[in-house]
Amino acid sequence: MPELPEVETVLRELRAALEGQTLRRVIVRRDSLRWPIPKGFASRTERRKAVSLRRRGKYILIRLDSDDSILLHLGMSGRIRIMRAEAMDFVRHEHVVLETDGGLHIGFVDPRRFGALDLMPTTDEDMHPLLAKIGLEPLGPDFTTTRLAALLRGRKGPIKTVLLDQRLIAGLGNIYVCEALFRAGIHPEIRACDVAADAVVRLAAVIPVILEDAIAAGGSSLRDYARTDGKSGGFQDMHQVYGREHEACPDCPGQPLCAGIRRIVQAGRSTFYCPQRQHPAS
DNA sequence: CCCGCAGCCTGCGGGC
DNA sequence: TGCCCGCAGGCTGCGG
């Protein structure tokens, strides 16, 4: 899905459109995504004002001036589409639409329907079952080498799959884990507990930098993800290994020993890496 | 507790 | 051209 940088990009655009606005109309066109959308979603949100918006991992929270907050997750293929409301056109798979007093149409489009939309009391946002167990924010002040090292300690699973575990770190997905391991020079199949101390230092440094760079580029558009105006993000052009099987590694150009970028499957997902730069012994 | 895997959905591109 | 297969950025729930 949209990973942290894509969700953050959507959050910022959504905030510009929605913060301080009253929802003059809410249309639920399909009442079930990954889970059912709560009964009365429209009536509980209509005529409410969106007070503030924030992100937690890959989730977006919209706080209303009632005691409710909207929880939004884009799943694999979800996107937000913002336009002037006058046109009143819907696209395929546009399941929910929020219309603001300012005259904007904010649609949630999700072909695969792995996304989620829920409503909960604002006072216990972080107790929501989907949020309660998620881990460290990689762009937060607590994301340090020490904390990362503590998370990896004792974990026997491959570093690739451990970094994807949202209960440990919130927001990384397949693309950014591959890219971070490449930049840190860590082999994806090394057990998390075996990653050398200096490699953990590099990893802790590189993760926030990649995420910030990706946010600055508006995220990575591969197939479904788009910004709220329908335009693509720009970070896919900066991917060094993701989706680049058989290409030369950008880090070892012309080196005869570099066999190019490899694709392997770990826990059912593709991993891309350079066997030369990401050597198990480093 | 930890791990791996199937399943949830639709759409797309490649191979035949 | 059409069909079938594999693949896709996530997450949960099950089994071992």
Side-chain angles (χ1 to χ4, degrees), chain A residues 1-11 29-37 55-60 71-80 91-95 108-118 128-135 138 151-182 188-194 210-211 214-215 217-227 232-246 263-272:
Chain A
M1 108 172 175
E3 306 179 30
L4 188 152
E6 291 75 39
V7 176
E8 180 68 26
T9 301
V10 168
L11 169 74
R29 305 175 73 224
R30 172 157 198 149
D31 61 7
S32 186
L33 299 173
R34 167 143 201 183
W35 295 285
I37 294 171
R55 181 186 58 72
R56 177 79 176 98
K58 298 173 190 170
Y59 294 87
I60 288 174
L71 178 73
L72 170 67
H73 190 277
L74 298 174
M76 289 270 264
S77 60
R79 73 177 196 88
I80 298 294
V91 295
R92 193 159 151 78
H93 304 301
E94 189 160 20
H95 307 305
F108 183 19
V109 182
D110 184 10
R112 292 175 72 182
R113 281 186 278 123
F114 287 175
L117 198 57
D118 201 5
H128 189 282
L130 294 172
L131 299 183
K133 287 180 193 156
I134 67 176
L151 290 176
L152 303 185
R153 196 166 301 140
R155 309 224 168 242
K156 299 197 180 80
I159 183 68
K160 160 75 190 309
T161 50
V162 167
L163 292 178
L164 281 175
D165 188 338
Q166 302 298 298
R167 293 168 301 182
L168 304 177
I169 301 173
L172 297 180
N174 209 24
I175 295 175
Y176 296 103
V177 166
C178 290
E179 294 296 317
L181 289 174
F182 171 78
E189 290 176 302
I190 297 189
R191 298 195 303 175
C193 57
D194 291 340
I210 289 193
L211 296 176
I215 292 167
S220 301
S221 289
L222 294 181
R223 35 177 59 79
D224 298 301
Y225 168 74
R227 304 180 64 152
S232 291
F235 199 69
Q236 63 284 353
D237 299 332
M238 270 93 98
H239 294 173
Q240 314 215 64
V241 287
Y242 188 85
R244 299 195 182 279
E245 189 182 15
H246 303 315
R263 185 182 84 96
I264 57 174
V265 174
Q266 294 180 278
R269 332 265 315 264
S270 291
T271 300
F272 298 87

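Every chain is numbered from 1 and lettered A, B, ... according to where its sequence line falls, protein lines coming before strand lines.
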Next item on the list: Return the stacking result for dC8(B) and Phe114(A): yes when the ring centres lie under 5.5 Å apart and the planes under 30°, no otherwise.
Entry: yes
Check: Any donor-acceptor pair under 3.5 Å linking the side chain of Gln236(A) with the backbone of Leu222(A)?
Finding: no
Next item on the list: State whether Lys58(A) places a side-chain N or O below 4.0 Å from either non-bridging phosphate oxygen (OP1 or OP2) of dC11(C).
Entry: yes
Next item on the list: Nearest-nucleotide wise, let me know which of Arg167(A) and Ala267(A) is further upstream toward the 5' end of DNA chain B.
Entry: Arg167(A)
Notebook entry, point to check: Tell me: OH of Tyr59(A) to C1' of dT12(C), nearest whole Å?
Noted result: 10 Å
Check: Which base, if any, makes a Watson-Crick or G-U wobble pair with dC1(B), both distances under 3.5 Å?
Finding: none
Margin query: Distance check, P atoms only: dC12(B) and dC11(C), in whole angstrom units.
Written below: 23 Å
Checklist line | Separation of atom NE2 in His93(A) from atom P in dC12(B), rounded to whole Å | finding: 9 Å
Note to self: Need one value for Arg191(A): base, sugar-phosphate or nothing, where a base atom within 4.0 Å counts as base even if backbone is also close, heavy atoms only.
What the structure shows: nothing
Next item on the list: Round to the nearest Å and state the distance from Leu168(A) atom CG to dC2(B) atom P.
Entry: 8 Å
Next item on the list: Just compare dC11(C), dA8(C), dG4(B) and give me whichever is closest to any side-chain atom of Pro158(A).
Entry: dG4(B)
Next item on the list: Could you tell me whether Ser220(A) contacts a base, only the sugar-phosphate backbone, or nothing, with contacts defined as non-hydrogen atoms closer than 4.0 Å?
Entry: base
Margin query: Please tell me if Arg92(A) has a side-chain N or O lying less than 4.0 Å from either OP1 or OP2 of dG11(B).
Written below: yes
Checklist line | Nearest-0.5 Å distance that lies between atom CG in Leu117(A) and atom CG in Asp31(A) | finding: 11.5 Å
Check: Any idea which of dA8(C), dG11(B), dG4(B) is nearest the Thr161(A) side chain?
Finding: dG4(B)
Margin query: Using a 4.0 Å heavy-atom cut-off, does Leu164(A) contact any base of the nucleic acid, only the sugar-phosphate backbone, or nothing at all?
Written below: nothing
Note to self: Base, sugar-phosphate or nothing for Arg34(A)? Non-hydrogen atoms, less than 4.0 Å.
What the structure shows: base
Next item on the list: Would you indicate what Tyr242(A) reaches in the nucleic acid, counting non-hydrogen atoms under 4.0 angstrom: base, sugar-phosphate, or nothing?
Entry: sugar-phosphate
Margin query: Return whichever of Pro129(A) or Leu222(A) has its heavy-atom-nearest nucleotide of DNA chain C closer to the 5' end.
Written below: Leu222(A)
Notebook entry, point to check: Is there a donor and acceptor pair closer than 3.5 Å between the side chain of Arg113(A) and the base of dC8(B)?
Noted result: no
Next item on the list: Would you mind classifying the nucleic acid contact of Asp110(A) as base, sugar-phosphate or nothing, using non-hydrogen atoms under 4.0 angstrom?
Entry: nothing
Next item on the list: Mind calculating the distance between CD (Glu245(A)) and C1' (dA8(C)) to the nearest angstrom?
Entry: 15 Å
Notebook entry, point to check: How long is the gap from CG on Leu74(A) to CD1 on Ile60(A), to the nearest 0.5 Å?
Noted result: 5.5 Å
Checklist line | Integer-rounded Å distance: dT12(C) C1' and His128(A) NE2 | finding: 14 Å
Notebook entry, point to check: Atom CG in Leu4(A), atom CD1 in Ile215(A): separation rounded to 0.5 Å?
Noted result: 5.5 Å
Notebook entry, point to check: When the distance from CD1 of Ile134(A) to C1' of dT12(C) is rounded to whole Å, what number comes out?
Noted result: 14 Å
Next item on the list: Rounded to the nearest angstrom, tell me the gap between atom CG in Leu33(A) and atom C1' in dC9(B).
Entry: 11 Å
Item checked: Nucleotide nearest Arg112(A) (side chain, heavy atoms from C-beta), chosen from dA8(C), dT12(C), dG11(B) -> dA8(C)
Item checked: Distance-minimising heavy-atom pair for Gln266(A) and Lys160(A) -> OE1-CG, 3.1 Å
Note to self: Between Ser77(A) and dG11(B), is there a contact of a side-chain N or O with OP1 or OP2 at under 4.0 Å?
What the structure shows: no
Margin query: Please report the distance separating the P of dC5(C) from the corresponding atom of dG7(B), rounded so that it comes out in whole Å.
Written below: 16 Å
Margin query: Would you say that more than 12 heavy atoms from the other residues, nucleotides or ligands in this model lie under 6.0 Å from the CZ of Arg29(A), or not?
Written below: yes
Check: Hey, does Arg79(A) reach any base, or is it just sugar-phosphate, or nothing, if we go heavy atoms under 4.0 Å?
Finding: nothing
Check: Can you tell me if Tyr176(A) and Glu6(A) form a side-chain donor-acceptor pair at under 3.5 Å?
Finding: yes
Next item on the list: Report the distance from atom CG of Leu151(A) to atom C1' of dC2(B), rounded to the nearest whole Å.
Entry: 16 Å
